[in-house]
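Treat the numbers as computed from the prediction; the structure is a model and nothing was measured. The first residue in the sequence is number 1, and the count goes up from there.
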Amino acid sequence: MVATINPSKFVSMKQVELNDPFWSQYTQLVRDVVVPYQWEAINDRVEGAEKSHAVQNFKIAAGLAEGEFYGFVFQDTDVAKWLEAVAYLLMKQPNAELEAIADEMIDIIEKAQEPDGYLNTYFTIKAPDEKWTNLTEAHELYTAGHMIEAAVAYYDATGKTKLLDIVCRLADHIAEVFGDGPDQIQGYDGHQEIELALVKLYHATNNVSYLNLSKYFIDKRGTNKFFEEEAEKRGWTSIWHKGRIHIDHSYFQAHKPVREQSEAIGHAVRVVYMLSGMIDIARETNDKTLLDASRTLWNNIVSKQMYITGGIGSMVHGEAFSFDYDLPNDTVYAETCASIGLIFSAQRMLQLEPHAHYADVMERALYNTVISGMALDGKHFFYVNPLEVFPSQCHRKNHNYNHIKPVRPEWYGCACCPPNLARLLSSLGDYLYSVRDNTIYSHLFIGGKTKVELNGASVEITQTSELPWKGNVSYEIQLDAAARFGIAVRIPSWSEQAKILVNGKEIELAAIMKDGYAVIDREWSNGDTIKLELDLSIKRMKSHPSIRANAGKVALQRGPIVYCMEEADNGANLQHVRLPKDAALELKFNEQLAGGVVTIEADGVIEDIETWNDDLYAANVELQQKPKKLTFIPYYTWANRGEGEMMVWVKE
């Protein structure tokens, strides 16, 4: 008999009111600046920004405007992700003006939909005879998936069904087109996304056909040579260039069936979106083999192919994973979307098995790569998140660094990351708590109130967090009547020591630890408190010896925050800086940076390059060293003070 998967259920953001000194700034920024700014961007009203045309494409497809399609084949997704972010904002706070704008956009989308349910402005406007002929490159199902996610969120937020009805017609059309029937396409998309979206649609509609369709795409992937077969039918043409298409199945994670894939390979965002879909199907269908495959793929990513910042995808070629322990700092890709997808996967793994390891990764990516992807003004964005920057390399003097930006641009022609950031940060409440059996799990230390129904008891938890600058976290429990249940509080891996007190009395951690959580199972009364004291001492982090780029180097981390050096504080030529092994590390509070952050200062040294002569190479020469006061800032704050060098890993 196969053991039944016993999943947790995450508490909806509808039941969470955030009130956190650190994260409330971001959620408010998304509401007040990011979402309005992005609406202007996708309407091409931001001076100096790359053209989007995303809204205009829908107007043209709807017959409301004249013109040609402009942008990438997946340009529709910028609108979809913007709508999803709007939905999450409306879920927490009514905004009649914003809702009216969204409703008007949805009316346009409805008019753009074709009678059979098909929805994609690229093919409607530009290539109506080429629908479903190039799944390898054309992102048709990927684009549909993002619109489905937007529709489910908007329905959940407003109760309005127009967009939900649109995507149901779209999903029904897809179900007619794809399958193992004689007149169906026995294939799958080049860019995974539809899989996780269809599971969300299943939850919203209770229509099991959407779950079955998602399972079909997961099960079918890598079992045939579909991409070659469809290329043969259309004459091996490519949507990206005039030459013959080259197909590398591993780039699309279609080189093997998903249950046989043991390492992350190919396009990084596609891997983690696929992984999210795999986990969803494992959970919904009690598929242990798929769970095992998901766990194997996850472990390879986070134990052998993840940067200390939670970034993934080490090479620009293909925006992809390369191989185990290949993690260069200066040519890294580490797309913002990839870390967001990693967070999606982490949350889903926590649903299947509540182990603190997954929450640790979720927290690492969130505090570092994800929020590094957006400037502090909410109007500039990183697509790529390097760990070392020398600006002269980026300005087309060395084409290996063309993808690295030393400052964040206003927008991108391929703008997948900015709206992805907006939808994640606006739904942050979805990632804090989950419930399994009779236990409430606290995964992230983000302040606010949460209401949970647990075996008939209504439980309200008020969390107060001083992270990331101080290690104090507290929970106050409100109950109508005493009740017995468990509260599981994560003890993060970065805290070497921790203390937990219930109603002021310290509890022995060793006795209650399970899978990285302190599980406090007792009868709770109204007003009971939990206090958690975490160790925020500075850690000199070392990397695995096989990571060649970091040999002889250290990175500083304090709590969940990874630190870096920036030219604004330390001057140029950071490659000549040394941090002595015995250097004292001193904390300073900088009120001027990012609204106030804790920085780290140390007495280091720097090689005096002025003592070198003009020879390109010389024997028996040793550069003199001179004292240098070093300042390290939180990685997420870099590139907010103009262009300059940056470095995470520093030589000892």
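Taking the side chain as every heavy atom from C-beta outward, Y431 and L424 approach each other to under 4.5 Å. Using a 4.5 Å cut-off on side-chain heavy atoms (C-beta onward), Y188 and Y216 make no contact.
Using cut-offs of 30° and 60° on the angle between ring planes, the pair H443 and Y517 is perpendicular. Between Y142 and H191, the ring planes are tilted. Angles from 30° to 60° get that label. Ring-plane geometry between H139 and F74 is classed as tilted, the angle between the planes lying from 30 to 60 degrees on a 0 to 90 degree scale. Between H355 and H357, the ring-plane angle classifies as perpendicular under the 30° and 60° cut-offs.
By the 6.0 Å contact criterion, NZ on K14 is enclosed, its count of non-hydrogen atoms from other residues, nucleotides or ligands being greater than 12. More than 12 heavy-atom neighbours from other residues, nucleotides or ligands sit within 6.0 angstrom of NZ on K160. Around NZ of K451, the count of heavy atoms belonging to other residues, nucleotides or ligands within 6.0 Å does not exceed 12. Atom OH of Y155 has 12 or fewer heavy atoms from other residues, nucleotides or ligands within 6.0 Å.
In this structure D326 satisfies the side chain to side chain contact (heavy atoms under 4.5 Å, CB included) test together with S314, S322, F323, P328, sequence neighbours excluded. The side chain to side chain contact (heavy atoms under 4.5 Å, CB included) check on A518 picks up I491, I500, L509, I512, M513, with sequence neighbours excluded. Every residue two or more places apart in sequence or in another chain that forms a side chain to side chain contact (heavy atoms under 4.5 Å, CB included) with S543 is listed here: I547, N550, W649. Among residues two or more places apart in sequence or in another chain, the side chain to side chain contact (heavy atoms under 4.5 Å, CB included) test is passed with L421 by T336, I340, V370, M374, F381, L425.
Under 4.0 Å is where a charged nitrogen must lie from a carboxylate oxygen, and between K81 and E149 no such pair does. For the pair R270 and E193, the salt-bridge criterion is not met [side-chain N within less than 4.0 Å of a carboxylate O]. By the 4.0 Å N-to-carboxylate-O rule, D535 lies close enough to K539 to be salt-bridged with it. For E17 and K449, the salt-bridge test fails: no basic side-chain N is under 4.0 Å from an acidic carboxylate O. Salt bridge status for R522 with D528: present, with a side-chain N to carboxylate O gap under 4.0 Å.
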Scan the side chains in residues 458-467 for donor-acceptor partners under 3.5 Å anywhere in the protein, sequence neighbours excluded, and list what turns up.
from : atom 1 : to   : atom 2 : distance (Å)
S458 : OG     : E453 : OE2    : 3.3
T462 : OG1    : Q478 : OE1    : 3.4
Q463 : OE1    : I446 : N      : 3.0
Q463 : NE2    : Y433 : OH     : 2.8
Q463 : NE2    : I446 : O      : 3.3
S465 : OG     : F445 : O      : 3.1
S465 : OG     : L467 : N      : 3.2

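When only modelled atom types and interatomic distance are considered, Q253 and Q261 share no side-chain donor-acceptor pair under 3.5 Å.
Evaluation of the salt bridge (charged side-chain N to carboxylate O under 4.0 Å, His left out) test over residues 346-372, restricted to residues two or more places apart or in two chains, returns D280-R348, R295-E353, D360-R490, E363-R490.
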